[in-house]
Amino acid sequence: MILTVDVGNTRIKASVFEDNNALENFIFEKNELEKKIKNILEKYPKCSDLVAASVGKIEKESFFLFEKDLKIHFLTHEDIFPFVNKYATPKTLGIDRMVLAAGATLQFPKQNRLVIDAGTCITYDFIDENDNYLGGAISPGLRLRYESLHNFTAKLPLLTLEDPESYIGNSTAQAIHSGVVNGFVYEIDGFIDEYRAQFSNFIIILTGGDADFLAKRLKNTIFANSNFLLESLNQTYQYKIDND
Ligand SMILES: Nc1ncnc2c1ncn2[C@@H]1O[C@H](COP(=O)(O)OP(=O)(O)OP(=O)(O)O)[C@@H](O)[C@H]1O
Ligand SMILES: CC(C)(CO)[C@@H](O)C(=O)NCCC(=O)O
Ligand SMILES: [K+]
């Protein structure tokens, strides 16, 4: 069994895999890390490896406390990935984006793939049918948009996610919900249309904390897989073991 851990910008997500099946998923805060990992390992003592990818601020030492129980591996840019990285600054490409691109490459061979991760940030990653990672985009995620409007103005309240009544918001609250939610949806539909204009065929993988919310509201029909990053982490690790 393999314990995969995704340290995001906001939260931590983990999943226990037996072969390619996720047995159980966990979401927790950064300050709960040690306690939660301990609980998971008590529940699944057959975990032989822990593989982690982190874009967040985290003490790696917290993981190495468990070194006596299982093998710990932190993915880095030095690991082996199944695509050719064409990013002009490959060393600064987020490790989460590298893992998503690896998962897309391994799960959907020989086709163009667009991965959209709607988390703290929205990231877009495109890997072509020849397994070249081309790049994509980074923009603020849903919650970040609500928070930024409040944090960087004097008058705008901090609202929680709500479906706008119309694109013509007729109050401060409705104007914010329209700007944030419609802006988010229009952005993603717009990007997908742009990729369609250039690439006749590609599959779209939608993941991240807002994936389910988003999938229902897009003009383009896409199925969400909120576990895609953890699945990809498991596959990237298998790939590393097979090819090292
Ligand atoms: N309890 C929660 N805390 C934070 N975000 C939440 C929560 N529940 C739902 N969300 C939604 O999930 C989004 C954040 O996604 P996610 O949880 O994937 O981010 P993350 O843990 O920071 O990971 P990453 O850095 O990989 O994006 C927010 O925009 C928010 O709308
Ligand atoms: C964009 C985020 C914050 C998304 O989690 C992460 O992938 C990251 O820190 N990336 C580094 C910059 C880049 O990917 O080019
Ligand atoms: K993200």
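Both counts, for ligands and for their atoms, begin at 1 and track the order of listing. Not measured: the values here are computed from a predicted model.
- Listed by number with element, the atoms of ligand 2 under 4.0 Å from a non-hydrogen atom of T123 are 1 (C), 4 (C).
- When all heavy atoms of S15 and N227 are compared, the pair lying nearest together is OG-ND2, 4.3 Å.
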Worked check of side-chain contact (heavy atoms from CB on, under 4.5 Å) between E231 and Q107: CA-CA 10 Å; E231 284 176 12; Q107 266 197 51; 3.2 Å; yes

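- Rounding to 10°, one obtains 130° for the angle at the K ion (ligand 3) between OD2 (D117) and O (C121).
- Summary of contacts: the protein heavy atom closest to atom 11 (C) of ligand 2 is T92 O, 3.2 Å.
- Residues T207 and D117 bring no donor and acceptor atom of their side chains to less than 3.5 Å of each other.
- Closest to atom 8 (C) of ligand 2, if we only count protein heavy atoms, is G94 CA, 3.9 Å.
- D128 CG to T105 OG1: the interatomic distance, rounded to the nearest 0.5 Å, is 9.5 Å.
- No side-chain donor from either of N85 and H77 sits under 3.5 Å from a side-chain acceptor of the other.
- When hydrogens are left out, the protein atom nearest atom 2 (C) of ligand 2 is D96 OD2, 4.2 Å; that is the closest non-hydrogen contact.
- At least one protein heavy atom sits closer than 4.0 Å to atom 14 (O) of ligand 2.
- With D210, L229, L100 as candidates, the residue nearest to atom 28 (C) of ligand 1 on a non-hydrogen basis is D210.
- Considering only non-hydrogen protein atoms, atom 5 (N) of ligand 1 sits nearest to R143 NH1, 3.6 Å.
- Residue contacts with ligand 1: L161 is excluded, as none of its non-hydrogen atoms falls under 4.0 Å.
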